[in-house]
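Counting begins at 1 with the first residue of the sequence. Whatever order the structure lists ligands and atoms in, that order sets their numbers, starting from 1.
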Amino acid sequence: MDLVIARPEGLYCPPGDFYIDPWRPVERSVITHAHGDHARWGNQHYLASAPSEGILRSRLGQDINLQTLGYGEVIDHHGVKISLHPAGHVLGSAQVRLEYQGEVWVASGDYKVEPDGTCDAFEPIRCHTFITESTFGLPIYTWQPQTEIFEQINTWWRQNAAEDRASVLYCYAFGKAQRILHGIDASIGPILTHGAVEPLNRVYREGGVYIPETHYAGDFKKSDPLLRKALIIAPPSAGGSTWIRRFGEHSDAFASGWMMLRGTRRRRGVDRGFVLSDHADWPGLLWAIEQTGAERVMVTHGSVSVLVRYLREQGLDAQGFTTEYGEEEAETENSS
Ligand SMILES: [Zn+2]
Ligand SMILES: [Zn+2]
């Protein structure tokens, strides 16, 4: 029996009668993490990991009907044992493990296999069927260790500061921004964050994650020389805004896995691209799939056909699952 099937509302568990990350309002939902393409407004009941509560409530409303589970905690719903396990993607991100009549399925949500210190590290779960994302499911995507990327960012910022030029770094407000703040050398200069980033920093800090001191741009006069030593963390949507123009002539950069493709940086029109992703790269996807021991793999969310073909060649029963675009895919679509 299939424990998860694709329905117009999203991934559905027939014996449990609930959806995983539905994109249309449903009665019962299990949410893997708080990114906008996974956690949508309007469900009557939400089940999610305990560490994701602060972000979910700040994004979907304080009054959502939310039940939380600690990682590894098991509940029984219509005979389906449900538990959530770390996905290493963003704060609170979880894989969903379902067990019914001896059959075990795991839906990965988005995941990353390199631990980064801002959320619990990805934990491989043994299962019969694994539903994997494939955002970066092409062999060209192989990430450098994040320490090297942070060194590149530090060097860029240090150089700009030495030349009295502000450094504007664009990245997603939830997850990527906090990972960058956690990983960079905060001694180089002051750090300013956009209003979309700061409330999420607060939730991370409350969750015990180290985020260095950050300031509001409004705390500085436009003439303050410190501004020219600053690193400014802003969402992509702030590009070209009056908010950005206050920093005068500055160097700008974009941090994303898509920066692996030179065309993406050119289209964005930024000076630098840093290849930093919250998703598994190609070797990471293959490693994670192997670790589950699954004989059957359902591929969603990205380069589905390439990964499906590769897994079939390895003798696995692989097939694609149709879902809506993820946040990062949507991002590239809009950037051209
Ligand atoms: Zn995500
Ligand atoms: Zn996603």
Side-chain angles (χ1 to χ4, degrees), residues 4 6 9-11 19-24 29-41 43 46 48-49 51-56 58-60 84-96 106-116 118-123 130-138 141 143 146 170-180 182 196-197 200 203-204 207 209 235-237 255-259 276-282 284-285 288 298-304 307 320-335:
V4 179
E9 296 88 348
L11 299 180
Y19 289 84
I20 299 170
D21 294 346
W23 46 81
R24 292 187 196 164
S29 64
V30 180
I31 303 297
T32 61
H33 65 291
H35 272 146
D37 58 326
H38 297 261
R40 295 182 192 237
W41 189 83
N43 300 319
Y46 292 84
S49 78
S52 70
E53 178 167 5
I55 310 266
L56 275 175
S58 83
R59 303 201 120 186
L60 299 179
L84 304 174
H85 304 268
H89 174 60
V90 291
L91 185 64
S93 63
Q95 308 173 74
V96 183
V106 170
S108 73
D110 292 343
Y111 65 95
K112 170 169 89 345
V113 298
E114 187 182 24
D116 66 26
T118 66
C119 59
D120 285 46
F122 176 85
E123 188 188 308
F130 185 49
I131 303 172
T132 183
E133 63 128 323
S134 59
T135 305
F136 291 101
L138 291 175
Y141 293 113
W143 311 144
Q146 61 196 338
Y170 296 109
C171 60
Y172 298 107
F174 167 38
K176 190 68 61 66
Q178 291 73 35
R179 184 175 170 204
I180 288 169
H182 182 84
V197 174
L200 296 158
V203 179
Y204 270 72
V209 177
S237 57
S256 162
W258 299 111
M259 288 300 134
L276 188 71
S277 177
D278 298 337
H279 294 264
D281 60 1
W282 175 258
L285 291 168
M298 318 285 247
V299 181
T300 69
H301 217 80
S303 309
V304 172
L307 186 55
F321 241 12
T322 312
T323 59
E324 291 206 340
Y325 278 142
E327 68 274 8
E328 295 204 303
E329 293 91 317
E331 238 289 316
T332 1
E333 299 286 307
N334 297 337
S335 66

Handout entry: Steps toward side-chain contact (heavy atoms from CB on, under 4.5 Å) verdict (Q178, V209)
Key = CA-CA 9 Å; Q178 291 73 35; V209 177; over 6 Å; no
Exercise for the section: Please test T135 against Y141 for side-chain hydrogen bond (donor to acceptor under 3.5 Å, both in side chains), starting from the C-alpha separation and ending with a verdict. Expected result: CA-CA 10 Å; T135 305; Y141 293 113; over 6 Å; no
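Rounded to the nearest 0.5 Å, atoms CH2 (W23) and CD (E9) are 9.5 Å apart.
When distances to the Zn ion (ligand 1) are checked against a cut-off of 2.8 Å, H89 contributes an N, O or S atom below that limit. In summary, an N, O or S atom of D110 is located under 2.8 Å from the Zn ion (ligand 1). For residue H38, no N/O/S atom approaches the Zn ion (ligand 1) to within less than 2.8 Å. At a cut-off of 2.8 Å, H301 is counted among the residues with an N, O or S atom near the Zn ion (ligand 2).
Sorting the N, O or S atoms of H35 by how far they are from the Zn ion (ligand 1) puts ND1 first. The N, O or S atom of H33 with the smallest distance to the Zn ion (ligand 1) is NE2.
Ring geometry, F174 versus Y204: the interplanar angle exceeds 60°, so the pair is classed perpendicular (tilted spans 30 to 60°).
Partner of D278 under the side chain to side chain donor-acceptor pair (under 3.5 Å) criterion, out of K112, R179, H33, H89: R179 alone.
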